[in-house]
Amino acid sequence: MLGEINFDGIIGPSHNYAGLSLGNLASATNALNISHPRDAALQGIEKMRHNIGLGLSQGFFVPLPRPNHEWLGDLGCTVQDAPETIRPAAFSASAMWAANAATVSPAPDCSDGRCHLTVANLRTMPHRSHEWPDTHTQLRLAFANGEHFRVHRPVPPAFGDEGAANHMRIAASHGAKGVEIFVFGKRGGTFPARQHIEASRAVARFHQLDPDRILFAAQAEEAIAAGAFHNDVVAVANENVLFAHEKAFEDRAELYTALRRLVPEVEIVEVPTNAVSLDDAIKSYLFNAQLVTLPEGGMGLILPEEARETPSVWRYLEDMVAGNGPIRELFVVDVRQSMANGGGPACLRLRVVADPAGVDPRFIADEEKLDLISEVIAEQWPERIAPEDLLNPQLWEQVEEARENLLERLDLEELV
Ligand code: SUG
């Protein structure tokens with residue numbers, strides 16, 4: 001049976017704050033702070049447990065090999081002699097933000113009746129640009145069943161692609177044919193536009209989408225300048241509901257009209273600036289919530305603690321769930337370690353609408369497997385990483401061994 005599975009990126013043992021993402025305010029603010037990889041990863045596991053507790057299907061992806069020796073080799077250096085401008089990028093645990101791993105089009109939208117995934121090239125930020133080869137390998141393993149899935153290589157780096165974080169799907173239900181919305185940034189402005197329309201167009205072609213059921217929407221320049229480096233910082237969709245800030249899109253009227261024409265059941269919940277300013281929305285990550293359909297019916301938002309701590313946001317949410325709208329429940333999770341690098345609950349997961357039976361079971365989570373993963377994390381993930389620790393060979397070893405042990409315990413040695 002087709003259903004939504006959320007695959008969370010397990011937060012890797014090299015999680016650190018290096019201030020690598022221009023335009024991501026949290027990354028800049030926390031640059032060079034001490035990170036806590038063990039707590040970070042356990043927070044991620046707790047989020048998965050929480051969602052399993054709600055009755056949702058949960059999967060995971062494992063951390064990528066760090067430091068990335070192959071990438072350093074391509075740059076003519078090694079971990080020993082890497083320049084200071086390169087070293088932190090080779091250690092980044094940024095693959096934890098699985099919403100940037102790939103763009104996913106569920107089978108009902110694709111003309112060959114398979115679910116298509118295109119790995120994101122992430123070419124705008126150097127530390128993310130070397131994720132894709134290992135992500136590609138992992139996705140090809142998890143979604144190896146060619147009857148159900150097709151995994152594509154990334155769009156060439158001429159055009160920036162950041163995956164599902166800039167992609168939304170509106171459909172009467174997960175299993176119905178949907179309309180896919182590709183949100184792109186226009187050139188210019190204070191910060192880089194990380195998603196290019198040409199990349200989105202290529203993904204739509206790879207996925208064999210019906211050209212009459214695709215929409216391209218420009219991200220508001222104002223939103224990018226305020227720190228919305230991905231669309232999922234200011235908008236989220238689930239089944240027939242779009243939940244977005246008033247300032248998310250350059251031309252919202254055009255988008256809403258097209259959506260209402262294509263999916264008459266659509267419900268648009270727009271948050272006005274006079275209730276929640278763009279700054280509060282971005283600071284709190286209100287829209288980086290996971291908007292999910294609950295097994296008992298109705299929708300819920302899985303929000304970061306920071307949303308509850310932002311008065312305008314919490315007031316808005318309490319009024320919203322007291323009303324008659326489609327979003328009826330609020331759940332709060334603690335993912336502060338990831339949030340400090342600009343990654344909320346929704347960044348940490350890749351949504352795949354598919355039959356779980358078609359997925360390699362090694363990537364499907366249950367309580368028991370999460371216990372096992374937590375055990376490895378508690379024993380082997382570094383407790384803290386300060387910027388100067390990236391120079392310490394003992395840390396390099398610890399990080400590599402911790403990952404390898406996890407892969408062994410999960411029977412995923414192919415990925416070592
Ligand atoms: O790409 N942060 C990530 C956050 C990604 C969030 N994902 C979504 N919005 N879907 C980024 O900017 C910071 C790394 C550092 O500074 O050490 C970082 O890569």
Side-chain angles (χ1 to χ4, degrees), residues 16-33 84-86 88-89 92 94 97 99-100 120-129 131 155 157-168 181-201 216-236 244-255 270-288 304 306-307 310 312-313 338-344 346-347:
N16 72 98
Y17 298 123
L20 298 173
S21 267
L22 178 65
N24 169 344
L25 303 181
S27 154
T29 313
N30 292 296
L32 309 186
N33 280 353
E84 283 321 297
T85 46
I86 301 287
S92 181
S94 50
W97 299 298
N100 303 117
N121 64 27
L122 293 168
R123 64 83 129 151
T124 304
M125 297 293 160
H127 68 289
R128 305 214 61 179
S129 69
E131 287 175 31
V155 173
F159 305 108
D161 180 21
E162 304 263 330
N166 296 308
H167 174 256
M168 299 183 292
I181 309 170
F182 291 86
V183 184
F184 61 95
K186 290 201 289 198
R187 269 157 224 282
T190 330
F191 296 133
R194 291 167 63 165
Q195 183 73 37
H196 298 170
I197 190 167
E198 285 307 339
S200 303
R201 287 193 177 122
F216 294 96
Q219 232 194 322
E221 291 284 332
E222 190 182 343
I224 300 179
F229 56 95
H230 289 139
N231 172 65
D232 69 0
V233 175
V234 279
V236 59
H245 193 270
E246 180 187 348
K247 297 244 166 109
F249 310 108
E250 198 63 39
D251 191 341
R252 60 200 236 276
E254 189 185 41
L255 174 65
E270 188 188 78
V271 181
T273 309
N274 63 17
V276 176
S277 67
L278 198 48
D279 285 348
D280 274 0
I282 291 168
K283 185 177 75 178
S284 67
Y285 263 40
L286 160 63
F287 297 98
N288 205 262
E306 288 78 351
T310 307
S312 65
V313 167
S338 166
M339 282 286 287
N341 248 340
C347 297

Check whether any side-chain heavy atom of [X] sits under 4.5 Å from a side-chain heavy atom of [Y], and report yes or no.
| X | Y | answer |
| --- | --- | --- |
| V271 | E246 | no |
| P88 | L20 | yes |
| E306 | K283 | no |
| M125 | P192 | yes |
| I197 | F182 | no |
| T273 | K247 | yes |
| Q219 | Q195 | no |

(request) Assess R201 against F216: is NZ or CZ under 6.0 Å from the centre of the six-membered ring, and within 45 degrees of the ring's axis? (result)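 The answer is yes, since R201 meets both limits relative to F216.
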Testing the basics here: between [X] and [Y], what is the closest heavy-atom pair and its distance to 0.1 Å?
| X | Y | answer |
| --- | --- | --- |
| A281 | F287 | CB-CE1, 3.9 Å |
| V155 | N121 | O-ND2, 2.9 Å |
| M339 | G344 | SD-CA, 3.5 Å |
| I282 | A223 | CD1-O, 4.1 Å |
| S312 | D280 | OG-OD2, 2.7 Å |
| A199 | D161 | CB-CB, 3.9 Å |

Do any N or O atoms from the side chain of [X] and from the backbone of [Y] form a donor-acceptor pair under 3.5 angstrom?
| X | Y | value |
| --- | --- | --- |
| N288 | C347 | yes |
| N166 | F184 | no |
| R194 | G160 | no |
| D279 | A226 | no |
| S27 | S21 | yes |

Separation between [atom1] of [X] and [atom2] of [Y], rounded to the nearest 0.5 Å:
| X | Y | atom1 | atom2 | answer |
| --- | --- | --- | --- | --- |
| H245 | L278 | NE2 | CG | 5.5 Å |
| F159 | S200 | CZ | OG | 11.0 Å |
| M168 | D232 | CE | CG | 9.5 Å |
| F229 | T124 | CZ | OG1 | 12.0 Å |
| R123 | E131 | CZ | CD | 15.0 Å |
| H230 | I224 | NE2 | CD1 | 10.5 Å |

(request) Taking atom CD of E198 as the centre, report whether more than 12 heavy atoms of other residues, nucleotides or ligands fall under 6.0 Å from it. (result)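 Counting neighbours around CD of E198, more than 12 heavy atoms of other residues, nucleotides or ligands fall under 6.0 Å, so yes.
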